[in-house]
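Below you'll find the structure, written out as structure tokens, and then a few comments.
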Amino acid sequence: MTNTDDDRRPKYQRIADSLREAIQSGEYGPGDRLPGENELMAAHGVARMTARQALSVLKDEGVAESRKGAGVFVRSFRPLRRRGIQRLAQEQWGSGRSIWSADIENRTLVVDQVTVSEEAAPEGVSQVLDLAEGETVCVRRRRFVLDEKAVLLATSYLPTSVVAGSAITQEDTGPGGTYARLAELGYKPVHFREEIRSRMPTRAEAEQLSISAGTPVILICRTAFADEGRPVEINEMTLDAASYILEYDFDA
């Protein structure tokens, strides 16, 4: 039921809310085309800019997506449930499985735009990894694409003194990934810390993730620690907020 507060909503917001309700009720299903700007203008008696703003709201929320030359459609991508604790368990990477296998079930995951380089450590990274002055890091950058949708950008920093000559410096780190290789080098991760923030994306992030400038991103910075509290990796991740559910399941 519409109340006085609802009546104060801008016209574009009221249109967006009605479309969202229609999607939630099943009137429009995943992959269905939503009414276009001309249809919304005629149905609601509004200007083109108002109709455009209404559709932009749904796109920014990740509810809908534009298809060039075809219109705006209900997003059919199923959000990824990121199990923040289970995915980092040693039984995952220690048995040769990717930590992503805890999240994706039988969905198709592709890792692309992979680069590996040796670089001077940024000041913040150097401090967290407790590096000596001038010590370099191995930097691994990559993008994760699930069901043909880019969902995550990741940049890892590891001390060159620890990983030099290992598979970690190659694009393909092998079964179990970086953490399994660190264990083989004598630096098995035994503790993790994740810090989570959120903001709007930079232009480059929006392009790489194929999201609108109004869709927020989630920033997760994970530090991996070996025995005696030695930090061995920092992983800075940028997630498309509309593509994720962050789940943390643990005992009291």
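No experiment lies behind these values; they were computed from the predicted model shown.
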Sequence neighbours excluded, the answer for salt bridge (Lys or Arg N to Asp or Glu O under 4.0 Å) partners of Arg140 is none
Can a donor-acceptor pair be found, under 3.5 Å and without considering hydrogens, that links the side chain of Gln127 to the backbone of Gly124? no
Glu21 meets the salt bridge (Lys or Arg N to Asp or Glu O under 4.0 Å) criterion, sequence neighbours left out, with none
Item checked: same_hphob_cluster(Leu80, Met237) at 4.5 Å side-chain heavy-atom cutoff -> yes
* To do: Ignoring hydrogens and angles, tell me if any N or O in the side chain of Glu135 forms a donor-acceptor pair with the backbone of Ala132 under 3.5 Å.
  => yes
Quiz item: Step by step, would you call Arg107 with Glu148 a salt bridge (Lys or Arg N to Asp or Glu O under 4.0 Å)?
Solution: CA-CA 10 Å; Arg107 302 170 72 177; Glu148 301 184 348; over 6 Å; no
(Q) Looking at Ser166 and Ile168, would you say the former's side chain and the latter's main chain have a donor-acceptor pair under 3.5 Å? (A) yes
dist Tyr179:OH -> Thr173:OG1 (nearest 0.5 Å) comes out at 11.0 Å
Residues Asp249, Arg83: salt bridge by 4.0 Å N-O rule: no
**Prompt:** Does the distance from a Lys or Arg side-chain N to an Asp or Glu carboxylate O, for Glu205 and Arg143, drop under 4.0 Å?
**Reply:** no
For residues Tyr12 and Arg52, determine if any side-chain heavy atom of one lies less than 4.5 Å from a side-chain heavy atom of the other. no
Nearest heavy-atom contact between Ala242 and Thr215 is CB-CG2, 4.2 Å
query: Does atom CZ of Phe250 have more than 12 heavy-atom neighbours from other groups under 6.0 Å away?
result: no
With side chains defined as the heavy atoms from C-beta onward, is the minimum distance between Arg199 and Leu219 less than 4.5 Å? yes
Inset, instruction - Establish, for the pair Arg82 and Tyr244, whether the NZ or CZ atom is under 6.0 angstrom from the six-membered ring centre and no further than 45 degrees off its axis. - result: no
**Asked** Just by distance, do the side chain of Asp147 and the backbone of Thr108 share a donor-acceptor pair under 3.5 Å?
**Response** yes
Between the OG1 atom in Thr178 and the CG atom in Asn235, the distance rounded to the nearest 0.5 Å is 8.5 Å
What I want to find out is whether Arg222 reaches Glu236 closely enough, with some N-O distance under 4.0 Å, to be called a salt bridge.
no
Checklist entry - With distance as the sole test, does Arg14 use its side chain to make a donor-acceptor pair with the main-chain N or O of Arg9 at under 3.5 Å? => result yes
| message | Are more than 12 heavy atoms, taken from residues, nucleotides or ligands other than Met200, located less than 6.0 Å from that residue's CE atom? | response | yes
For Arg141 and Ser117 the tightest heavy-atom approach is NH1-OG, 3.9 Å
Nearest heavy-atom contact between Tyr187 and Arg230 is CE2-NH1, 3.6 Å
Between the CZ atom in Arg197 and the SG atom in Cys221, the distance rounded to the nearest 0.5 Å is 7.5 Å
*With the threshold set at 4.0 Å, does a side-chain nitrogen-carboxylate oxygen contact exist between Arg20 and Asp17?*
yes
Between Lys149 and Asp240, is there a salt bridge with N-O shorter than 4.0 Å?
yes
